[in-house]
**Q** 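Pasting a structure here, questions to come.
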Amino acid sequence: QVTLVESGGGLVQAGGSLRLSCAASGRTFSNDVMGWFRQAPGKERKFVAAISWSGVSTYYADSVKGRFTISRDNAKNTVYLQMNSLKPEDTAVYYCNAGLRVGVDEHFYDYWGQGTQVTVSS
């Protein structure tokens, strides 16, 4: 059974940092694109960042570019999202995902975690 489990969410003040982790199990994801989406209350789930299977190429939403960094450790089957200079508008449930191609639409990704809550207070 393939599972993705996010961790590292929590409550942080504006300007602070958090590091999210997503541990995959059930098979190796070293050949998959992995990424993060987020869903704020009352809004649609949106693309945040993605990383190629090798880790060489990374992609970011304009809203997080320069503040968030995605990385991966294929030996650990884990992807990370370092979030710096957090803003209240970053408050959302953050979802890890995996797929064969990079895309900003959900349908590009076949596997999803259950999500972890990030709350940024002003």
Side-chain angles (χ1 to χ4, degrees):
Q1 181 181 358
V2 174
T3 61
L4 302 176
V5 179
E6 302 95 337
S7 61
L11 173 64
V12 64
Q13 288 188 334
S17 299
L18 282 174
R19 188 194 194 204
L20 305 183
S21 299
C22 171
S25 62
R27 69 169 179 82
T28 180
F29 283 86
S30 59
N31 293 323
D32 290 62
V33 171
M34 298 192 76
W36 294 88
F37 276 60
R38 67 185 181 186
Q39 186 169 22
K43 297 187 177 180
E44 294 182 350
R45 194 155 55 179
K46 292 186 176 180
F47 172 81
V48 173
I51 187 167
S52 63
W53 67 270
S54 65
V56 171
S57 299
T58 56
Y59 310 85
Y60 298 95
D62 287 343
S63 59
V64 307
K65 204 170 292 183
R67 299 187 298 122
F68 291 11
T69 302
I70 188 171
S71 61
R72 66 189 296 165
D73 184 337
N74 286 340
K76 296 182 178 179
N77 236 16
T78 299
V79 65
Y80 306 95
L81 186 67
Q82 178 67 44
M83 306 185 295
N84 299 329
S85 302
L86 282 161
K87 304 175 181 180
E89 51 263 45
D90 295 318
T91 295
V93 177
Y94 283 71
Y95 296 90
C96 167
N97 51 42
L100 295 180
R101 292 188 298 161
V102 174
V104 298
D105 291 330
E106 293 186 23
H107 74 268
F108 282 95
Y109 302 92
D110 301 310
Y111 302 99
W112 292 83
Q114 292 300 307
T116 185
Q117 175 71 45
V118 171
T119 303
V120 184
S121 63
S122 59

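Model, not experiment: these values are computed from the prediction. For the numbers below, each heavy atom of this structure counts, side chains included, while hydrogens, waters and symmetry mates do not.
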**Q** Which atom names give the shortest non-hydrogen contact between S17 and N84, and what distance separates them?
**A** OG-OD1, 2.9 Å

**Q** Where do V33 and A50 come nearest, in terms of heavy atoms and distance?
**A** CG1-CB, 4.2 Å

**Q** Under a single-linkage definition using a 4.5 Å side-chain heavy-atom cutoff for Ile, Leu, Val, Met, Phe, Trp and Tyr, are V12 and L20 assigned to the same hydrophobic cluster?
**A** yes

**Q** Assess the residue pair R38 and V118 against the criterion (side-chain contact (heavy atoms from CB on, under 4.5 Å)); give the C-alpha distance rounded to whole Å, side-chain angles, the decisive distance to 0.1 Å, and a yes or no.
**A** CA-CA 9 Å; R38 67 185 181 186; V118 171; over 6 Å; no

**Q** Identify whether the distance between the nearest side-chain nitrogen and carboxylate oxygen of D90 and K87 falls below 4.0 Å.
**A** no

**Q** Closest approach of L86 and R67, non-hydrogen atoms and distance?
**A** CA-NH1, 3.9 Å

**Q** What residue pairs, at least two apart or across chains, pass salt bridge (Lys or Arg N to Asp or Glu O under 4.0 Å) with a residue in residues 92-105?
**A** none

**Q** Identify the heavy atoms of A92 and Q117 that sit nearest to each other, and give their distance.
**A** O-NE2, 3.5 Å

**Q** Using atom types as modelled and distance alone, determine if a side-chain donor or acceptor of N97 lies under 3.5 Å from a backbone N or O of G35.
**A** yes

**Q** Looking only at atom types and distance, does a side-chain atom of S30 sit under 3.5 Å from a main-chain N or O of T28, one as donor and one as acceptor?
**A** no

**Q** List, by chain and then residue number, the residues other than W53 in its hydrophobic cluster (Ile/Leu/Val/Met/Phe/Trp/Tyr, side-chain heavy atoms under 4.5 Å); write none if there are no others.
**A** none

**Q** Can a donor-acceptor pair be found, under 3.5 Å and without considering hydrogens, that links the side chain of R72 to the backbone of S52?
**A** yes

**Q** Check this for me: K43, atom NZ, are more than 12 non-hydrogen atoms of other residues, nucleotides or ligands nearer than 6.0 Å?
**A** no

**Q** Please check if the side chain of T119 supplies one atom and the backbone of T91 the other of a donor-acceptor pair under 3.5 Å.
**A** no

**Q** Below 4.5 Å, heavy atoms only, C-beta onward: do Y80 and D73 meet side chain to side chain?
**A** yes

**Q** Would you name the heavy atoms of S121 and L11 that are closest together and state the gap between them?
**A** CB-CD1, 4.3 Å

**Q** Taking atom CE of M83 and atom CZ of R19, what is their separation to the nearest 0.5 Å?
**A** 11.5 Å

**Q** Are F68 and L18 connected, step by step, through hydrophobic side chains (Ile, Leu, Val, Met, Phe, Trp, Tyr) whose heavy atoms are closer than 4.5 Å?
**A** yes

**Q** Hey, what do you get for CD (Q82) to CD1 (I70), rounding to the nearest 0.5 Å?
**A** 12.0 Å

**Q** Apply side-chain contact (heavy atoms from CB on, under 4.5 Å) to residues V79 and W36 and explain how you reach the verdict.
**A** CA-CA 9 Å; V79 65; W36 294 88; 4.0 Å; yes

**Q** Within the side chain of E6, is there an N or O that forms a donor-acceptor pair under 3.5 Å with the backbone of C96?
**A** yes

**Q** I need the minimum non-hydrogen distance between S71 and I51, along with the two atoms involved.
**A** CA-CD1, 3.6 Å

**Q** Does anything in residues 89-122 pair up under ring-ring contact (aromatic ring centres under 6.0 Å, His included), and if so which pairs, sequence neighbours excluded?
**A** F29-Y111, F37-Y109, F37-W112

